[in-house]
Amino acid sequence: MLDLLKRYYGYDHFRPLQEEIISNVLAGNDSLVIMPTGGGKSLCYQLPALRLEGITLVVSPLIALMKDQVDGLKGNGVEAEFINSTLPYEDMVRIRGEALRGKIKILYVSPERLALEGFQSLLKSLNVSLVAVDEAHCISEWGHDFRPDYRGLGALRRSMPDVPFIALTATATHRVRDDIVTQLGLQNPQRFVASFNRANLNYEVRPKRNSFGQLVELLESRKSQSAIIYCFSRKETEELAADLQGLGLKARPYHAGKDADARRRTQEEFIAGEFPIVVATIAFGMGIDKPDVRLVAHYSLPKSLEGYYQETGRAGRDGLASDCVLFYSYSDKSRQEFFINRIEDDVERKKASDKLTQVIDYCQLQTCRRRYLLEYFGDETVSNDAFPNNCKGCDICLSPREEFDATIIAQKILSAIIRTGERFGIAHVGAVLLGSKRKKVLELGHDSLSVYGIVNDLDRNEIREIAGQLVAEGLLYRNSGEYATVGVTDAGRRFLRERKTLTLSRPKRAEQPRRKRVERTETLNDELFERLRRLRLGIARELEVPAFVVFNDATLRDMAKRIPRSREEFAQVSGVGTVKLQQFGDRFMAGIQQYLKEHPDATKIERSPNSDHPRTSAKRAVSREGSTYSQTRELLNQGMSASQVAHRRGLSIGTIVSHVEMMVSNGIDVALEPSLPRTDRMVVIEAALDQAGGPEAKLSTVYENVGDDITYEDIRIVKAHRAQSNGKSH
């Protein structure tokens, strides 16, 4: 199996659980596989299919997923096809004939296709050796994406009692797992549950204040990298895409209101790398097999944690560091509740309301977000002593925090909830505490209560965050009925009665938390990596396949590190199998050789004594003569401004400023005076920097406190200039 893995996929080792699952499949046993997106689920049935004599049938819910999977398999030299409604009749006839002659190893079909009498007749004539049910949670009413057509798969199982079945999904609670086994009729299946922990993903929740500016900053810092932005409504999708386009960002909208051809074209071109940003409703995404999405942003509140986890799972499927940012406003909850309250079935309405409450709890967390998600899905690794207290991959764990005496504010919140009758949500309670003149507060006479206006050192968001911690402490409870309310628990009443003390934690107020992400391993030659990306896109266009079918980003990064000069060296690159070596090896090595001619110093690298991988420090890469950084520095030191350098080099101003920041952080002097904004803007920016925490200031916070005529690049240049003047890294 390792030989097959290397020959067809270019990898030397299995990922966790893959070997055990494959062994179970080859032994003829049923399997239930719960593995996060990007964990390598597909390989668990694709690799056994190459060993088994007959055909492997894969049931998949979306046409786009089938096409992507088949394109990838063919690119690896595997005989695979799909049958769905998009195929011309003559192609269907051809594929049926090839299947009957044993020319196809893997055949993808939809659950709807399985129900057709003609396909049932074909199945009886095929030597089916394995059935794989992808996105298996769709068979469960308790899942977040139930599809009635999946229920017919139980009959398929009964018609093939001796054929092993493997059911796979990325998101399933214990209840959903049991339902999958029951509905599909799996026979004593072995359950394989991988950790839900996606260590390469950084989770962050941001207040929905100046969210557009924050989003633009996120996208600008990822020039040409793929991003998915999820919105609540079709209208919001269209408007946000148009606003981003107005700033020169290549974004397109996607929602169910567009015609099928437009949706298909948008999806295919996004996957192929023709444009980097898609702004979408949740209609976009299940089964999107694009490995190099670097950012998934939720511009609106997701409906459930299952949906959120699956949507964020579309980031970083190649294992490289990626970010998941959720913009949270409590007011978004009311929009979701409006539709929830229109659900006629009481059980379904309660289920939807409970799922939304779990999302709100996630947004209001003051503890590790990664741990919360893992516990929700029953991941046993969080109970292991080895699981770190600090995950180093969410905003809570990465933000400097401080403990504070919360006794008084807790007493005030609990007292206000009791005095308002425990009939309201925390938003109303907060309004009372803050002395709001809101109409509802006045009409109910809550302005005459003793707790009215007794809080003047916090804002409504801070009150809401503390209330969330009081829920976690067991002093408050939430009702998730038609109108969500908060109440005081027995423990909360004892807290008030016995005048107990309480210590909680919060983000430090003296300084803004420094923006950090999962540590990234940069390639030695970023320019070479970009050169290889462009070459890959050109080849993909020639072949009319998505770019990742040629090679994914992780493979290109390894290529840029190794700088292979022969076929033997090229075969050692991770992700290069026999077929791709023959197809693409010479063209990529030619591209690398051309780059080396233009950059003869690119091979002057420090090598680790125990590895063939070239390694270098960040400072060596920045200071190396002829590097992209030194080219920028040379032009700046000639008296050019950053914008002039960007124009001269054909790069974006954001890229040039990134070069400046990297050089300054590594102690390399560079002339910045010509790049500084005019004096009146400098004064405003420096004041905003000081107010937001000085060297540790968060750009988005500074941007909120300056005028619209000041850009992010202005702020970044001033910050870098101050850091250089102070003789320390910013």
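Quantities reported herein were computed from a predicted structural model and do not represent experimental measurements.
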Distance-only, no hydrogens or angles: does the [X] side chain make a donor-acceptor pair with backbone N or O of [Y] under 3.5 Å?
X      : Y      : result
Glu569 : Arg565 : yes
Gln644 : Ser641 : yes
Asp318 : Leu320 : yes
Thr266 : Arg263 : no
Glu238 : Pro253 : no
Arg198 : Gly313 : yes
Lys580 : Val549 : yes

[atom2] on [Y] to [atom1] on [X], rounded to 0.5 Å:
X      : Y      : atom1 : atom2 : result
Ser226 : Phe275 : OG    : CZ    : 9.0 Å
Ile592 : Lys597 : CD1   : NZ    : 13.5 Å
Gln572 : Asp12  : CD    : CG    : 7.0 Å
Ile715 : Glu686 : CD1   : CD    : 12.0 Å
Leu528 : Tyr595 : CG    : OH    : 5.5 Å
Leu398 : Cys391 : CG    : SG    : 6.5 Å

So, are [X] and [Y] salt-bridged, with charged N and O less than 4.0 Å apart?
X      : Y      : value
Glu268 : Arg264 : yes
Lys41  : Asp134 : no
Asp553 : Arg557 : no
Asp261 : Arg265 : no

I need the minimum non-hydrogen distance between [X] and [Y], along with the two atoms involved.
X      : Y      : result
Ala315 : Val296 : CB-CG2, 3.7 Å
Leu689 : Val718 : CD1-CG1, 4.0 Å
Val645 : Leu635 : CG2-CB, 3.7 Å
Ala540 : Ala547 : CB-CA, 3.7 Å
Met559 : Val573 : N-CG1, 4.0 Å
Asn552 : Thr555 : OD1-N, 2.8 Å

Can you list the steps and then say if Arg252 with Glu269 is a salt bridge (Lys or Arg N to Asp or Glu O under 4.0 Å)?
-> CA-CA 10 Å; Arg252 291 191 200 171; Glu269 291 180 2; 2.4 Å; yes
Kindly determine whether Leu249 and Gln245 satisfy side-chain contact (heavy atoms from CB on, under 4.5 Å), including the steps that lead there.
-> CA-CA 5 Å; Leu249 294 167; Gln245 290 167 359; over 6 Å; no
Does the side chain of [X] pick up a donor-acceptor pair with the side chain of [Y] at under 3.5 Å?
X      : Y      : value
Ser60  : Gln69  : no
Arg206 : Gln214 : yes
Arg314 : Tyr230 : yes
Arg294 : Ser322 : yes
His659 : Gln631 : no
Gln46  : Tyr9   : yes

Kindly indicate whether the side chain of [X], heavy atoms from C-beta on, has any atom under 4.5 Å from the side chain of [Y].
X      : Y      : value
Leu326 : Pro302 : yes
Phe584 : Val550 : yes
Val670 : Leu672 : yes
Leu5   : Leu47  : yes

Evaluate the ring planes of Phe588 and Phe551, with Trp represented by its six-membered ring, and classify them as parallel (under 30°), tilted (30 to 60°) or perpendicular (over 60°).
->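 If you compare the ring of Phe588 with that of Phe551, the planes turn out perpendicular.
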Decide yes or no on side-chain contact (heavy atoms from CB on, under 4.5 Å) for Arg633 and Leu636, but give the supporting numbers first.
-> CA-CA 5 Å; Arg633 182 188 183 210; Leu636 288 172; 5.7 Å; no
Looking at Tyr203, is Arg370 sitting on its ring face, NZ or CZ under 6.0 Å from the six-membered ring centre and within 45 degrees of the normal?
->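 Not satisfied by the 6.0 Å and 45° rule.
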Just checking, Lys290 and Phe270: is the charged tip under 6.0 Å from the six-membered ring centre and within 45° of the axis?
->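 Yes, Lys290 lies over the aromatic ring of Phe270.
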Can you run down the ring pair (Phe, Tyr, Trp, His ring centres under 6.0 Å) pairs that involve residues 554-581, sequence neighbours left out, and say none if there aren't any?
->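 Not a single pair qualifies under ring pair (Phe, Tyr, Trp, His ring centres under 6.0 Å).
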Derivation and outcome, side-chain contact (heavy atoms from CB on, under 4.5 Å), residues Lys719 and Glu661 = CA-CA 9 Å; Lys719 193 177 177 186; Glu661 291 168 333; over 6 Å; no
Begin with the C-alpha distance, continue with both residues' side-chain angles, and end with the deciding distance and a verdict on side-chain contact (heavy atoms from CB on, under 4.5 Å) for Leu219 and Leu244.
-> CA-CA 10 Å; Leu219 295 171; Leu244 294 175; 3.9 Å; yes
Considering the options Asn202, Ile277, Asp323, which one meets the side chain to side chain contact (heavy atoms under 4.5 Å, CB included) requirement together with Leu295?
->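 So the option named by the test is Asp323.
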Apply the test salt bridge (Lys or Arg N to Asp or Glu O under 4.0 Å) to residues Arg716 and Glu220: give CA-CA distance (whole Å), side-chain angles for both, the deciding distance (0.1 Å), then the verdict.
-> CA-CA 13 Å; Arg716 292 165 67 190; Glu220 286 281 6; over 6 Å; no
Check whether the ring centres of His298 and Phe327 lie less than 6.0 Å apart, and answer yes or no.
->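 No.
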Ring centre gap for Phe212 and Tyr299 strictly below 6.0 Å =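 Aromatic pair excluded; centres sit 6.0 Å or further apart.
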Sequence neighbours excluded, every pair satisfying salt bridge (charged side-chain N to carboxylate O under 4.0 Å, His left out) that has a member inside residues 270-281 =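 Checked against salt bridge (charged side-chain N to carboxylate O under 4.0 Å, His left out) - neighbours excluded - the pairs reaching residues 270-281 are Glu274-Arg541.
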